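Each remark here refers to the structure printed beneath this line.
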2 protein chains.
Amino acid sequence: MALRHAVLAALLDGEYSGYQLAKAFDVGVANFWHALPQQLYAELARLEKEGLVAGRQVVQESRPNKRLFHVTDAGRAELEKFAEAAAKPSFIRDDLLVKVQAADRIGTGPVIGQLEERALAAEAKIELLGKLLGQLRGDADEEEYLRRGERIGPYLTCLRGLSFEQEHRDWCLRIAAVLRERQVTRADH
Amino acid sequence: MALRHAVLAALLDGEYSGYQLAKAFDVGVANFWHALPQQLYAELARLEKEGLVAGRQVVQESRPNKRLFHVTDAGRAELEKFAEAAAKPSFIRDDLLVKVQAADRIGTGPVIGQLEERALAAEAKIELLGKLLGQLRGDADEEEYLRRGERIGPYLTCLRGLSFEQEHRDWCLRIAAVLRERQVTRADH
DNA sequence: GCATCATAGTCAAGAAAATGACTAGTCATA
DNA sequence: TATGACTAGTCATTTTCTTGACTATGATGC
């Protein structure tokens with residue numbers, strides 16, 4: 001029951017359709033939660049039934065109609081309650097780390113390739129988040145924005161996402177280099 | 001079907017009982033995968049049925065008997081296959097980040113408290129991982145160990161865990177400070 | 001002129017994970 | 001001398017997530 005809170009938190013910024021939310025869960029929101037579109041549509045339906053969000057139909061020409069959702073007072077109260085409860089510890093789950101754990105007992109070739117791909121993907125995300133942060137912050141410098149900005153929540157989670165991706169990229173590149181060098185060394189003798 | 005590979009990777013270091021594995025999944029292994037004891041016992045049973053691990057009974061006095069498991073050749077082959085397949089992207093899922101995303105629209109008091117608790121927990125994990133890395137490395141310095149060490153997989157994943165926890169701690173402390181200062185500023189006017 | 005992408009969803013099935021309760025003996029401690 | 005913590009698990013239920021397929025329309029590219 002935490003996806004519901006992620007959805008509520010994401011909707012605090014305004015009205016979104018399920019489709020738009022799904023996009024958000026692929027960029028900014030991805031910094032704190034991950035979900036597929038199907039899950040989001042299902043969760044929005046549940047939330048609406050419980051009165052935590054409300055939707056309104058928007059008729060469009062030359063595009064399918066959509067439903068825009070916003071958080072209700074009951075939804076805000078639910079978030080409030082959630083924020084007061086103890087948080088579960090966070091955890092990583094990453095296929096690539098599993099492969100690295102096993103790396104010196106199995107073929108390292110494919111793992112090195114995947115580490116380098118991952119580093120590239122992280123790099124792309126870093127640029128994206130950099131731009132996003134710039135947009136959110138506008139003209140102000142970071143210190144100033146964090147002190148006086150209206151809505152800093154998304155900025156703060158993007159900061160976390162940014163540092164996560166940077167560390168991830170650096171680690172991937174370093175590990176790839178280490179494994180590569182060991183390949184060479186082993187081929188030597 | 002990825003927990004199975006995490007279990008196989010964790011078992012590469014030697015023989016473990018389900019109980020010991022559960023402990024490992026709370027420390028070192030937690031750097032790349034998280035699972036509850038019940039899941040591990042169930043997965044070990046499945047893996048044994050499929051011949052990817054084998055167990056042997058160890059009779060103990062003054063303690064319940066246990067079964068120690070090790071990876072079979074078939075298990076190693078399965079890991080090999082897994083390593084060659086494309087890795088799914090990693091993702092974060094963290095209650096606390098959801099709360100921060102919502103932070104300026106809800107009461108920040110409890111969130112600040114949780115951020116500071118989290119920072120302490122991260123600090124403890126950092127120390128633990130520091131010791132673990134020292135043990136794995138032994139006398140050698142890091143460069144040397146990574147070049148010539150026998151089994152560096154667990155070391156590499158612990159490095160990732162360490163940098164993750166450090167970033168996490170720093171972020172928690174910074175965000176807690178930011179939110180605290182905003183509380184004061186808002187109380188002002 | 002045909003293919004593919006983007007918008008905007010829905011439905012169903014199956015795999016994986018989380019929750020909670022329960023057994024049973026040992027050891028330390030208050 | 002009972003209380004709780006540690007070792008070593010098991011069972012059942014529920015919730016959550018993932019996979020894959022399917023509907024429609026308009027716009028864009030080759």
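Numbered from 1 within each chain, the chains take letters A, B, ... in sequence-line order. All values derive from a computational prediction rather than experimental measurement.
Here the shortest heavy-atom pairing between Gly51(B) and Thr72(B) reads O-OG1, 2.7 Å. Scanning both residues, Lys88(A) and Asp95(B), for their nearest heavy atoms gives N-OD2, 3.5 Å. In plain terms, the two heavy atoms of Cys158(A) and Leu133(A) that are nearest each other are CB-CD2, 3.5 Å.
Spacing between atom CZ of Arg4(A) and atom P of dA18(C) amounts to 18 Å, rounded to whole angstrom units. In this entry the distance linking NE2 of His34(A) with P of dT16(D) reads 16 Å, nearest Å. Straight-line distance from the CZ atom of Arg46(A) to the C1' atom of dT10(C): 14 Å, rounded to whole Å. Following rounding to the nearest Å, Tyr16(A) (OH) and dT7(C) (P) show an atom-to-atom distance of 15 Å.
A parallel orientation is assigned to the rings of His34(A) and Phe91(B), their planes being inclined by less than 30° (bins at 30° and 60°).
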Please tabulate the protein-to-nucleotide N/O contacts below 3.5 Å involving nucleotides 22-25 of chain C, giving atom names and distances.
none

Dump the pairs, protein N or O against N or O of nucleotides 19-22 of chain D, anything under 3.5 Å, distances to one decimal.
residue: dG20(D); atom: O6; partner: Gln38(A); partner atom: NE2; Å: 2.8

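Using a 4.0 Å heavy-atom distance criterion, Gln39(A) is classed as a base contact. Within 4.0 Å (heavy atoms only), Arg93(A) reaches sugar-phosphate atoms of the nucleic acid but no base atom.
In the helix from dG1(C)-dC30(D) to dA30(C)-dT1(D), the end axes, each obtained as the rotation axis mapping the C1' atoms of four pairs onto the next four within a five-pair block, lie 40° apart to the nearest 10 degrees.
Atom CG of residue Leu97(A) and atom CZ of residue Arg160(B) lie 7.0 Å apart, to the nearest 0.5 angstrom.
Comparing Leu3(A) and Gln20(B) along DNA chain D, the residue whose closest nucleotide (by nearest heavy atom) sits nearer the 5' end is Gln20(B). Map Lys23(A) and Glu43(B) each onto its nearest nucleotide of DNA chain C; the residue landing nearer the 5' end is Lys23(A).
Remark: Glu167(B) does not engage Arg174(B) in a salt bridge, criterion side-chain N to carboxylate O under 4.0 Å. A salt bridge does not link Lys81(A) with Glu84(A): every distance from a Lys NZ or Arg NE/NH1/NH2 to an Asp or Glu carboxylate oxygen is 4.0 Å or more. By the 4.0 Å N-to-carboxylate-O rule, Arg148(A) lies close enough to Glu144(A) to be salt-bridged with it.
Cluster annotation: Leu96(A) and Leu173(A) are assigned to distinct hydrophobic clusters (Ile/Leu/Val/Met/Phe/Trp/Tyr, side-chain heavy-atom contacts under 4.5 Å, transitive).
A cation-pi arrangement is not found for Arg182(A) relative to Tyr145(B), the charged atom failing to lie both closer than 6.0 Å to the ring centre and inside a 45° cone about the ring normal.
Side-chain atoms of Tyr19(A) and Pro64(A), non-hydrogen and from C-beta on, never get closer than 4.5 Å to each other.
At the phosphate of dT10(C), neither OP1 nor OP2 sits under 4.0 Å from any side-chain N or O atom of Tyr41(A).
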